[in-house]
Structure formats: structure tokens, C-alpha cells
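Worksheet for the structure shown next.
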Amino acid sequence: DGQPDIGDNAINRPLDRVRVDDTARELTTDQGVPVADNQNSLKAGLRGPTLMEDFILREKITHFDHERIPERVVHARGSAAHGYFESYEDLRAITRAAPFAAKGKRTPVFVRFSTVAGERGSADTVRDVRGFAVKFYTDDGNWDLVGNNMPVFFIQDVMKFPDLIHSVKPEPHNGMPQAASAHDTFWDFASLSPEIAHMLMWHTSDRAIPRSYRTMQGFGVHTFRLVNASGEWVFCKFHWTPLAGTYSLVWDEAARLTGADPDFHRRDLWEAIDSGQFPEWELGLQIFTEEQAAQFPFDVLDPTKIVPEEMVALRTVGKLVLDRNPDNFFAETEQVAFCAAHVVPGIDFTNDPLLQGRIHSYIDTQISRLGGANFHEIPINTPVAQIHNNQRDGIHRQQINRGRVSYEPNSLAGGCPFQAGVRGFVSVPEPSQGNEVRGKPELFADHYSQARLFWISQSMTEQRHIIGAFRFELTRVQTPAIRRRTLALLANIDSGLAGAVADGLGMEVPPPLPPATDRPAYDYPPSPAL
Ligand code: HEM
């Protein structure tokens, strides 16, 4: 039928319903009416006014007027591709998650990489975190592993997320700066938020200017749970490692590319896939028990902490391959809706207070970004697994549910779905206790031990790059008190680092901040894995 050959990937079946090839077809309106003249509007005489009656013109212009949707509130700029995940082993003893059910099993995926702060039209190579979001179209519904290219985050509690993002985004009065993090508001927030220390080290390191999406690691960040069919569970951290190696740009290259080719990463990903050089990552799991977690010198619910690989080794369990570019950027890359709440039987959340907030935030924002409650019916978001429930109506509903019954319990004959029971998603039953409080466990307050671990694990060249990045960013901060506070924060991490940055700014290092906890700092040995 003239359609390109797109392989037998399972996600192609639902998407095939909506793929259109317009080649050599008669032009029609949205109602399917053939259009005689697509060049001239209908006028009262050749030099006369254009007529209201011209429904063809009005449909064309009206559609155009509404072509834009709001960009994502964060991660607005991104690029995506189709592919598959292949499990290296049968992991059913550990998790009943469908992608790991058999050695060699393939699950279709759609993966979107992104920057965080920049607007939709901003440059790819700015200093920023990169999103690494994977939608697995599993037999048991969609599982989204919505991760980043850094294993920790800026804050520990969802309550601070709007503040963090307001500090990172262009300043509200003048809309500047559009992409780079170098501005007073971000460093103001950062220097007043000691929990940011570990993430700041990643953010000023080479990891924040990746060479390519193909050469970035990805991390689930939070501690999750893997649950088997008997309900037994373990904690888990997810790591993606590129088989091509992890590479970064140096700052001068990044700065130049930002001007010379703002699409640098987007183009690289597209061209690699187009030429058959399919990017590949391996999935590594860090699996540990609740008893082990209780012995760690940090809290596994704290998203500003890693589990060092020296404490829990990575177990490589599968491979991600991206082998097909999208057909249409808007329909797929722009309309895809990843959501931290999308888990499947075999994967469960933990009480990480950042993760708990993310469970709410994504679907909420997508209701306005994608217009109403039915965006799961947009083809790229539709699971390969079938959807049967009593949800009805709402703007742009596509599904035509038959029968008179859309409630439970019911006694009338009708096509009502039944509960899946133990085959369905069952939350890990966790005893919950304590008074309602706002606050944090004391271990969350050790903000510097792992920031120092990152610093001492870097090579001298990498350390020089970090010093250079702090100097570059802080020289652009106008307010001296913000610079001083940032140096005080660095003094808590490493006096050599603080001294080198202060030298570049022509400043003295202020005394370190008072620690947020009386517990002594934990002395991690340097980690080759960083
Ligand atoms: C996108 C909220 C933390 C990774 C988004 C979006 C929102 C959001 C509202 C836009 C979604 C859309 O319009 O489709 C939050 C909140 C967070 C948080 C409230 C903290 C409480 C994180 C963390 C990570 C992360 C810790 C990484 C582990 C991503 C990614 C995207 C995204 C990768 C882009 C997904 C895509 O490609 O479409 N986030 N986020 N976020 N977030 Fe978060």
C-alpha cells in the first residue's frame, strides 16, 4: 500500500491504524471532501473581499491557528526513537514484570531524551541535566522508567520542586536567561539549599554536557521495588549504560556548538539510527534487601544519594536498542506522555518523598498539556496491552464502549470487565505508622559525604573541568552574597575545590556552613565507578 517497511515491532500494530501516506492522493478537507483549488480563496469578484462562505479556507486557517500545544513545563526540548528491550535472563524469581519474564524476550519501547530547563526551541548542548525516559509497552500495560542521565536529584521532597524549577527557568520579569543555568536565581536557590550539594557536583561535571544522547548513562534515580509472583520484594536502582561508552563534550565545544548547531544531539541521534548504527544501552540493576538498606550510611529513600557500586554491584539484565526514528515529531515525540506513576505488576514505588510527588505531577500536567483526560488514547501513548474499564466520556474520547453497563457492582447483563485479582497490580503491603508530620529522617541531612565522594572519584582533568564550570557560572552571578554562600557550601565538600573556585573569582573562601546534622560525615573511599 505504499507504506514504508517498518518491521514487526509490536508497537507498530497500534500505530499502523493511524499511519498515513499522502503520496499521490487527492487533497481533501478534514471531512474528506476533495478540494478543487488549494491556492486561491473564494472572493466576491477577483478583486473583491474574501467570503465567509469559504469553508475550505476557514478550516485550513483554523487548524493552523491551533497547531501549537503548550510545551512541557520541564524537559520541553527533546528527541525520541523507537526500539526494543531484550532481557538477558529469566528474572521471574525476582520480579513478575513482563519484560523480564524470559531470556531473550523483547518488549517494544519508545525513548525520549531531553534537556530540562530550556524551552522547546533552545539548544541541545547547554550545561543541564538530560532526561532519559523509557516507555516499555509490556504485555501487562505500559511501564515508564522516567529517568535522568545523573543518578541523583537537586532536592529531597516534591514540596520544593516548583521552587527549584522557578529558580532555573528564565527570570519572570525579563525572560532571561533562556537556557544556561548561569543566573542569580538558580545560584540563589542552590546556595540556600545544602541538600543540592551532591547534585551540584554532577551538574558542574562533564556529565552535564554529554557528547551525544547515544553516549549518556541513564538512571531511575529513586529506589524502586521489584516484586515476584509470591509477593516477595527487594529494593532496586535502575542504571542504563551505553555500549558505545560514556562521553562528554568539553565546555568550549559545547559553547561553540550551542551557536553553530543547536540541533547537535537531535541530529546525531536521528542520523545514527537512519544509517543503521543503532544506539544500545545495557540495563543494570542494583538489587538489595531491606536489611542491607538498614546498614547503609545513607537513607535509600533519599534521592540525593547513590548506592555506591562498591556496596551493591550492578547486575546486567538486558539490552535497549533504538532502531527506528519516529515518522512524525509532533504525533510521537511531542505527544508522548511519560509518567512516573506508570508501573506494572512486578515493579513498585518506595516512600521516597520526591517519587511520591512525581506519581501525581505527570498525569496532572498532561491533562492540560495534551487536552483533557483521554490522552492515553493518543496512539503513541496507547498500550499494546488492551484497555478495558468503566472510564467513560471526556473531551476527544476515541474508544466506543458498547453496552449499557459502565459501573460496578452490577447485575445486568453487559460487557463489564472483571477485576484481575492477584494477576493484577498489587501494592506491596507496607505497615505504616507514625504521626502526620512534615520533616525528614535525620540521615537525609548528610548533604556532603556523597558530594565529596563524587569529587574525590574524579580524575584531575575532570576536577579541573568542575572548577572551571563553577568559575564560569559564578562569575555571571551578579549578587556577591550568592557567590559567597556558594563558596561556603563548596567548603563543606572540599577545601581544595572551594579554594580553587574562590581563586578564580578573586574571593576568599568563607567558613563552611554549619552541618545540618550532628552525625559525623561518612568517609567513602573513592569510587572507580564514578
Ligand atoms: C518531565 C515533574 C522530578 C525526569 C516532567 C514533567 C513534569 C515533571 C510536570 C512534564 C511532563 C509532561 O509534560 O509530559 C516532576 C516533579 C519532580 C520531578 C514534580 C519532583 C518532585 C524528576 C526526576 C526525574 C525526572 C527526579 C528523573 C529521575 C523527567 C523526565 C521528563 C520529566 C525525563 C521528560 C519526559 C519526556 O521526555 O516527556 N517532570 N519531575 N523528573 N521529568 Fe520530572
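All ligand and atom numbering here is 1-based and tracks the order in the structure. Starting from 1, each residue takes its place in the sequence as its number.
Considering backbone and side-chain atoms together, Thr365 places no N or O closer than 3.5 Å to any N or O of ligand 1. Of the polar atoms of His222, none of the N or O atoms is found under 3.5 Å from an N or O of ligand 1, judged by distance alone. Considering backbone and side-chain N/O atoms, Asn148 never comes within less than 3.5 Å of an N/O atom of ligand 1.
At a cut-off of 2.8 Å, Tyr362 coordinates atom 43 (Fe) of ligand 1 through an N, O or S atom.
With ligand atoms numbered from 1 in the order given, ligand 1 contributes 20 (C), 21 (C), 26 (C) to contacts under 4.0 Å with heavy atoms of Leu354. For ligand 1, the atoms lying closer than 4.0 Å to a non-hydrogen atom of Arg72 are 12 (C), 13 (O), 14 (O), 36 (C), 38 (O).
Using a cut-off of 4.0 Å between Lys/Arg side-chain N and Asp/Glu carboxylate O, Lys105 and Asp139 are scored as salt-bridged. Looking at Glu86 and Lys319, no side-chain N of the basic residue comes within less than 4.0 Å of a carboxylate O on the acidic one, giving no salt bridge. Note on Asp302 versus Lys440: no salt bridge recorded, every NZ/NE/NH1/NH2 to OD/OE distance being 4.0 Å or above. Salt-bridge formation is not detected for the pair Glu332/Arg324: no Lys NZ or Arg NE/NH1/NH2 atom is positioned less than 4.0 Å from an Asp or Glu carboxylate oxygen.
The single protein non-hydrogen atom nearest to atom 6 (C) of ligand 1 is Val74 CG2, 3.5 Å, given as residue, atom name and distance.
Residue contact check for ligand 1: Gly147 places a non-hydrogen atom closer than 4.0 Å to it.
A cation-pi arrangement, defined by a distance under 6.0 Å to the six-membered ring centre and an angle within 45 degrees of its axis, is absent between Lys237 and Phe219.
Screening Asp348, Ile347, Val234 for a side chain to side chain contact (heavy atoms under 4.5 Å, CB included) involving Val227 leaves a single residue, Asp348.
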